[in-house]
Amino acid sequence: MGFSLATTEIAETIQIGGLTVTTCSVPTDGPESDGTLTWNCTTIVLVEIEAGGQYGLGYTYASEATATYIVKELQKHVVGKNIFHIPAIIAGLKAGIRNQGMSGIAMMAISAIDIALWDLKAKIFGQPLFRLLGARSEGMPLYGSGGFTNYSTEQLQGQLASWEEKGMKAVKMKIGREPKKDPERVKVARTALCSKTDLYVDANGAYNVKEALSMAEKFAGQQVTWFEEPVSSDNLEGLRYLRDRAPASIQIAAGEYGYIPQYFQHMIFPRAIDVLQADATRCGGISGFLDIGTTCATLEIPFSSHCAPLAHLHAALALPEFYIAEYFHDHTRIEKIFFESAATIEKGYMFPDEQSPGLGIELKHKDIEKYKLR
Ligand SMILES: [Mg+2]
């Protein structure tokens with residue numbers, strides 16, 4: 001028994017044949033820092049899953065240990081399962097990680113697997129993933145993101161202006177490394193932008209609550225409309241305090257470190273944020289991202305994706321409401337090196353290629369050789 005899709009007969013069961021994991025480390029194009037971290041390379045863990053002669057690709061930006069965890073603990077919950085039953089596979093994986101904790105490496109591993117499963121399923125149907133999921137929108141709105149705290153004035157202004165030239169309606173810079181200098185850095189960044197472009201700031205939890213409130217008041221005069229992680233995103237009372245008292249033109253945003261639905265609930269229900277962020281490469285892949293995005297739509301909370309733009313594109317188009325996606329400097333650079341993709345950017349929106357099945361990305365196996373850790 002089977003059913004037909006156009007001219008193709010598709011079986012009811014297609015068993016997953018194999019899973020391979022590759023880890024790469026990619027040097028940044030210069031030193032980078034934000035309010036609470038400095039780095040000079042980015043590690044990406046890639047998962048390829050085979051079924052029915054097709055390969056699905058998923059990835060997460062996580063420690064090399066994630067790859068070991070997938071191979072040693074998670075692979076057995078995937079290989080041999082029916083690719084059409086993704087919820088069952090994910091339920092098995094989540095049950096399997098119980099004793100490790102439903103966060104961090106274990107959930108990033110599941111996220112990469114989930115993304116590969118959805119890519120694979122759509123490829124088996126010969127359709128772009130947005131069409132398999134059902135699309136609400138044609139393009140995903142983007143904001144440019146980088147503006148690292150170690151950048152010179154010229155670097156900062158040049159980078160932010162380059163995204164404005166691509167038509168992005170907002171750009172984001174990092175703050176919090178030297179709080180006393182932040183009002184001036186924000187002012188300098190503002191002068192590189194035209195008045196219709198919104199300026200977002202991200203402190204990565206570097207300020208205390210009173211400091212953050214004082215900054216919000218100063219930033220409001222520079223058309224800053226988004227203040228991300230002004231304090232630690234675990235300080236929900238602090239976030240709520242700021243949301244209640246910061247100028248109304250500034251939205252408080254957080255959520256990038258969320259792994260499970262309950263984390264986001266704890267952020268949403270005390271109304272600690274104006275904009276909820278989630279990262280599909282952490283929060284359970286396409287499945288987890290759609291769950292959280294749908295909850296946000298129901299509750300009328302603006303929902304935004306964190307990093308990894310190509311991983312979010314199709315899911316963002318399928319959501320009933322989607323606010324804006326982060327076009328993060330490091331990850332857009334890596335995605336260009338690693339993936340063949342015909343997705344396009346026009347007037348600040350990213351559009352998928354309608355002819356490319358799945359996520360529309362193919363791994364450039366030869367080009368990544370030099371970055372491989374394992
Ligand atoms: Mg952030």
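Order of appearance sets the numbers: ligands from 1, and atoms from 1 within every ligand.
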Query raised in the report: What N, O or S atom of D202 is found closest to the Mg ion (ligand 1)?
Result: OD2

Report summary line: the Mg ion (ligand 1) has as its nearest N, O or S atom from E256 the atom OE1

Report task. Look at the aromatic rings of Y61 and H331 and report parallel, tilted or perpendicular, splitting at 30° and 60°. Result -> parallel

**Report entry** Parallel, tilted or perpendicular: rings of F303 and F322 (30°, 60°)
**Finding:** perpendicular

Query raised in the report: Closer than 2.8 Å to the Mg ion (ligand 1), do we get an N, O or S atom from E228, backbone or side chain?
Result: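 So E228 does bind the Mg ion (ligand 1) by this criterion.
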
Query raised in the report: Do you see an N/O/S atom of E326, backbone or side chain, under 2.8 Å from the Mg ion (ligand 1)?
Result: no

Query raised in the report: Using a distance-only test with no angle check, is there a side-chain donor-acceptor pair under 3.5 angstrom linking E48 and H365?
Result: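 Judged by distance alone, the side chains do pair up.
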
Query - side-chain contact (heavy atoms from CB on, under 4.5 Å) partner of F148, chosen from M173, R177, E32, Q155 - result: E32

